[in-house]
S.K.: 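Mind having a look at this structure? Questions to follow.
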Number of protein chains: 4
Amino acid sequence: MGFMKYRLKCELSYKISQYSTFLFNICPVNTDFQTVIEEHLTLDPPLNTEEYITPVLGNRYFRVNLDSGNLLLDYQATVEVSYQNINPSDITETIPAQLPLETVPFLYPSRYCQSDRLIRLVQQEFGELQPGYSRVEAICNWIYDNVTYLSGSTNAQTSAYDTATERAGVCRDFAHLGIAFCRALNIPARFVSNYACGLEPPDFHAVFEAYLGDRWYLFDPTRLVPRQALIRIGTGRDAADVSFATLFGTVVMERKHICVEFIEGKFPSYTTDAVMPVTKP
Amino acid sequence: MGFMKYRLKCELSYKISQYSTFLFNICPVNTDFQTVIEEHLTLDPPLNTEEYITPVLGNRYFRVNLDSGNLLLDYQATVEVSYQNINPSDITETIPAQLPLETVPFLYPSRYCQSDRLIRLVQQEFGELQPGYSRVEAICNWIYDNVTYLSGSTNAQTSAYDTATERAGVCRDFAHLGIAFCRALNIPARFVSNYACGLEPPDFHAVFEAYLGDRWYLFDPTRLVPRQALIRIGTGRDAADVSFATLFGTVVMERKHICVEFIEGKFPSYTTDAVMPVTKP
Amino acid sequence: MGFMKYRLKCELSYKISQYSTFLFNICPVNTDFQTVIEEHLTLDPPLNTEEYITPVLGNRYFRVNLDSGNLLLDYQATVEVSYQNINPSDITETIPAQLPLETVPFLYPSRYCQSDRLIRLVQQEFGELQPGYSRVEAICNWIYDNVTYLSGSTNAQTSAYDTATERAGVCRDFAHLGIAFCRALNIPARFVSNYACGLEPPDFHAVFEAYLGDRWYLFDPTRLVPRQALIRIGTGRDAADVSFATLFGTVVMERKHICVEFIEGKFPSYTTDAVMPVTKP
Amino acid sequence: MGFMKYRLKCELSYKISQYSTFLFNICPVNTDFQTVIEEHLTLDPPLNTEEYITPVLGNRYFRVNLDSGNLLLDYQATVEVSYQNINPSDITETIPAQLPLETVPFLYPSRYCQSDRLIRLVQQEFGELQPGYSRVEAICNWIYDNVTYLSGSTNAQTSAYDTATERAGVCRDFAHLGIAFCRALNIPARFVSNYACGLEPPDFHAVFEAYLGDRWYLFDPTRLVPRQALIRIGTGRDAADVSFATLFGTVVMERKHICVEFIEGKFPSYTTDAVMPVTKP
């Protein structure tokens with residue numbers, strides 16, 4: 001069991017050339033396993049925000065509208081998160097006959113995770129493997145081994161179907177491919193956007209969760225940071241659901257600066273254990 | 001204002017060669033605007049079903065597990081539904097700055113509706129048109145005029161991106177294209193699966209809804225049946241969410257027989273009005 | 001060294017509903033290594049044909065124009081072909097610096113062989129292997145092991161990019177994938193359409209050639225017939241160049257019947273040797 | 001009838017990090033309608049080149065191999081070219097029944113021009129138009145009106161199928177789309193790479209030719225320069241055939257500088273006439 005406290009900072013700046021709307025998803029979720037102890041949002045110019053929290057997953061969006069000019073956003077928060085490490089050998093897959101029905105939408109193909117087009121590939125690569133945690137780990141290893149992490153090699157339209165063949169991408173593409181592979185094996189899988197302590201260069205970070213046994217476990221095929229170093233922002237079917245900023249209008253991002261500090265608890269470390277977020281005891 | 005009562009029947013038969021799981025989405029929703037007065041499901045062999053109703057949209061799924069053999073499903077229901085016709089000239093678009101935030105997920109691209117890849121096409125074809133109901137109608141007209149309704153021309157992998165270029169499809173493809181075009185204009189849009197009275201040959205029928213003003217309105221670019229002849233089964237981002245049968249296992253469908261009878265109320269007719277489902281007064 | 005004589009027969013029948021043009025590519029090439037000893041073409045109705053032989057590769061096309069009605073085509077030929085088996089361990093790759101420049105067009109991506117999109121995949125799967133014949137053989141083995149031969153799983157639009165991910169297809173798809181993989185390794189590769197003795201059910205058959213050392217060698221990732229059982233019809237960049245019938249008009253094929261008999265020489269047998277067509281001594 | 005003399009200069013510089021091979025296609029063709037009066041190629045370091053001229057189309061390639069270091073290429077030439085303007089109303093289409101068979105390969109789909117996937121779109125947009133020059137002109141107008149010329153919006157993998165939907169691109173994408181549209185109407189079409197006098201910023205320029213009546217006519221849907229301002233480098237099925245530099249190895253282009261001066265003859269002007277290159281009288 002591990003508990004960590006992080007301080008994080010996110011600065012964004014935009015140049016807007018006409019009336020525009022921003023839908024930000026940069027505030028960490030407040031859930032069983034994660035508590036935003038304090039947070040502070042500054043907008044320059046000062047603007048009203050309208051917040052929306054999604055019913056089941058608790059993603060926190062806020063909307064800002066403004067005319068042409070510049071927008072500076074400074075968000076700071078202190079967040080506590082608890083993780084549990086579990087022996088992976090005890091973790092099985094749950095067959096579709098027994099999956100909780102609310103996990104089933106995470107089996108459906110989505111914009112960036114066309115699992116329906118990857119079924120044979122997945123059967124050939126992973127179909128013979130022992131079901132369970134180790135099979136999802138095999139998926140992550142395959143991605144790590146076969147896909148080159150390469151900044152700038154992909155764009156906002158790149159999907160798992162492309163990455164399966166083109167074999168290059170960034171964290172978002174790695175997560176999409178992991179999700180698509182899991183779904184093609186009838187393992188529910190979903191996209192998780194995060195702050196990540198220790199990521200170089202600092203940025204938002206995408207990983208995925210797979211539903212095994214009776215819970216969601218975290219997987220990061222990029223191996224860039226320990227999974228306990230993640231502060232969750234959003235959970236969704238894929239990146240379309242949890243973009244850090246959805247923009248309507250004519251906007252150019254001029255700066256993105258992220259900073260995450262570890263301030264208390266058990267220092268996050270790499271582990272081959274299963275990692276799941278849990279309620280702080 | 002129109003109120004209609006329908007009696008419907010759905011027979012499905014499958015041949016199963018090994019232990020398989022079915023997730024059916026064939027029962028009409030019970031909502032403000034639609035009431036399932038009575039219904040009866042018979043499975044042969046008789047099997048337990050596990051029902052799941054989605055939290056917000058009320059889609060009704062049930063799961064059946066069975067070993068090899070045959071499955072016969074017979075579902076019958078009597079359903080009341082109320083629709084209101086509205087003068088389209090009064091219906092405006094709502095800009096992203098003012099959209100209810102719970103409609104925003106229906107702006108995101110999805111598996112079959114890659115609105116992010118159609119933005120320029122949509123701007124060129126519809127960008128100059130007057131915003132409002134008539135613009136979504138122009139989208140439907142474009143689809144009707146430019147896409148050939150052709151059974152068998154597409155498959156379960158066909159998406160709006162394909163149909164935009166290949167210009168042939170069935171009701172599902174027409175709906176996906178309508179949804180993708182709307183989203184590319186920042187109009188929330190979603191997929192609706194239905195029973196449809198008068199459809200020849202009888203089958204499930206897919207249409208879409210667009211969020212205009214402060215409500216969802218129905219659109220059917222196929223023009224195959226009046227919109228008041230629809231009994232809603234499911235609402236989702238696209239067909240992935242509301243497949244009438246999601247199958248896990250080795251299964252062949254041997255028969256699908258749908259029958260819908262109008263039994264009471266105002267006989268559904270074609271209209272150029274806007275049509276929205278409403279609470280029965 | 002092997003020499004074989006084959007008798008072949010091709011019957012095609014079409015129903016034409018308006019003035020149409022056929023461009024057939026069903027006559028075996030006459031080249032150094034293959035001689036059409038006799039041939040006979042019957043068309044019913046009797047029609048003029050216009051023949052065209054491509055300058056470098058010697059593909060033989062003939063054009064027929066006709067009004068609505070039926071077309072019956074009966075083509076028979078006796079063909080001699082010579083093959084040489086070579087010890088694969090002696091066969092090297094030729095680097096781009098030394099390739100004959102007339103082979104370079106067979107390095108370019110083509111409609112069905114998008115080698116430019118498969119470079120990383122190919123590097124990961126085959127990049128570390130010893131260059132030479134054995135590497136192209138490894139490509140064929142990979143295709144045989146990872147792609148399911150499944151009639152009806154693909155169509156005339158299916159390309160190597162699809163097959164790399166979707167992992168099912170027919171001989172044409174196997175050949176396209178082999179070609180795309182070779183080109184991505186800078187090995188010139190081209191499509192070969194054939195009659196094939198022993199193919200069940202009888203049909204045209206597609207394989208590919210790769211340029212190694214200073215020659216073109218035959219490869220068949222389907223393993224359906226010995227390579228010496230092939231009577232070459234056409235050679236091209238991919239299937240687009242050597243379709244057995246390119247149709248302009250409104251035409252339905254009603255029958256395709258192929259028959260190939262071995263009549264003299266060395267009976268074709270499976271071999272792990274390299275096989276290349278050669279001049280009869 | 002117009003005759004023009006141009007002086008052109010092409011400087012390319014590359015940084016090579018390991019033994020690499022370049023296949024350049026930067027020398028204008030020497031044909032009936034175009035004469036390279038003088039030319040001079042300087043390579044630094046001085047290196048042997050191996051030239052290859054394609055049999056039918058006369059494209060001129062040369063190969064250079066070198067170890068790591070820098071390559072500076074300076075090519076200068078004086079070229080004479082003759083064009084004829086023709087009244088477009090006299091120019092008809094030639095049906096497949098009568099096309100010269102050597103033009104038929106330019107009806108086949110190719111890597112970047114997937115005409116087979118655009119048939120319905122083309123029928124809907126252009127199928128009803130009067131066959132002839134004006135129909136190809138309508139294609140060019142459609143492209144000009146519906147596709148945004150936008151540097152950097154596409155890459156070396158972008159094809160006509162993408163551009164038909166995504167509606168942005170550069171000259172190469174415009175030409176690919178024009179070619180694909182023509183082929184889908186059974187009009188042979190091919191890619192032409194050029195130097196272009198007056199292009200801003202100076203660069204290579206791609207246009208296409210369509211076979212109408214009994215000849216190839218030039219079309220430029222970008223409208224960036226008069227067609228008589230083109231000095232032809234290569235002719236092919238699409239850009240894959242006539243890339244100005246095909247690279248094998250690890251190479252970065254550091255500079256590309258093109259300069260074209262009009263030096264004698266009839267100054268090129270925009271015209272709505274048909275333009276075809278012709279033998280100088």
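Numbered from 1 within each chain, the chains take letters A, B, ... in sequence-line order.
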S.K.: Under 4.5 Å heavy-atom distance to chain B, tell me which part of A:Glu50 shows up: side chain, backbone, both or neither.
M.R.: both

S.K.: At a 4.5 Å cut-off on heavy atoms, which part of B:Pro109 comes close to chain A: side chain, backbone, both, or neither?
M.R.: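 Its backbone and side chain both get close to chain A.
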
S.K.: Heavy-atom cut-off 4.5 Å, strictly under: side chain, backbone, both or neither for B:Asp116 against chain A?
M.R.: both

S.K.: Do the non-hydrogen side-chain atoms of B:Thr246 and A:Tyr108 ever get within less than 4.5 Å of each other?
M.R.: yes

S.K.: Any side-chain heavy-atom pair from A:Leu23 and B:Leu101 closer than 4.5 angstrom?
M.R.: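 Yes - at least one pair of side-chain heavy atoms lies under 4.5 Å apart.
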
S.K.: Got A:Phe248 and B:Ile95 here, is their nearest side-chain heavy-atom distance under 4.5 Å?
M.R.: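 The answer is no; the side chains never approach within 4.5 Å.
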
S.K.: Please identify, among B:Pro96, B:Ser243, B:Ala156, the residue contributing the most non-hydrogen atom pairs under 4.5 Å to chain A.
M.R.: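 The residue among B:Pro96, B:Ser243, B:Ala156 with the greatest pair count is B:Pro96.
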
S.K.: Flag the pair B:Arg111 / A:Arg111 as yes when at least one side-chain heavy-atom distance between them is below 4.5 Å, and no otherwise.
M.R.: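 Of all side-chain heavy-atom pairs linking A:Arg111 with B:Arg111, none is under 4.5 Å.
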
S.K.: Contact between A:Leu99 and B:Arg63 at the side-chain level, heavy atoms closer than 4.5 Å - yes or no?
M.R.: yes

S.K.: Under a 4.5 Å cut-off applied to non-hydrogen side-chain atoms, are A:Thr21 and B:Gln98 in contact?
M.R.: no

S.K.: Salt bridge check: are A:Arg237 and B:Asp241 linked by an N-O gap of less than 4.0 Å?
M.R.: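 Looking at A:Arg237 and B:Asp241, the cut-off is met.
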
S.K.: Are any of the side-chain heavy atoms of A:Val104 and B:Tyr52 separated by less than 4.5 Å?
M.R.: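 Result no, sub-4.5 Å side-chain heavy-atom pair not found.
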
S.K.: Go through the atoms of B:Tyr19 and report whether side chain, backbone, both or neither lie under 4.5 Å from a heavy atom of chain A.
M.R.: side chain

S.K.: Can you tell me which portion of B:Glu102 sits under 4.5 Å from chain A's heavy atoms? Options are side chain, backbone, both or neither.
M.R.: both

S.K.: Taking all non-hydrogen atoms of both residues into account, name the closest pair between B:Val56 and A:Pro55 and its distance.
M.R.: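 Heavy-atom minimum between the residues: CG2-CG, 4.3 Å.
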
S.K.: Heavy atoms only, distances under 4.5 angstrom: which of A:Asp238, A:Asn186, A:Val64 has the most pairs with chain B? Name it, please.
M.R.: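 Heavy-atom pairs under 4.5 Å are most numerous for A:Asn186.
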
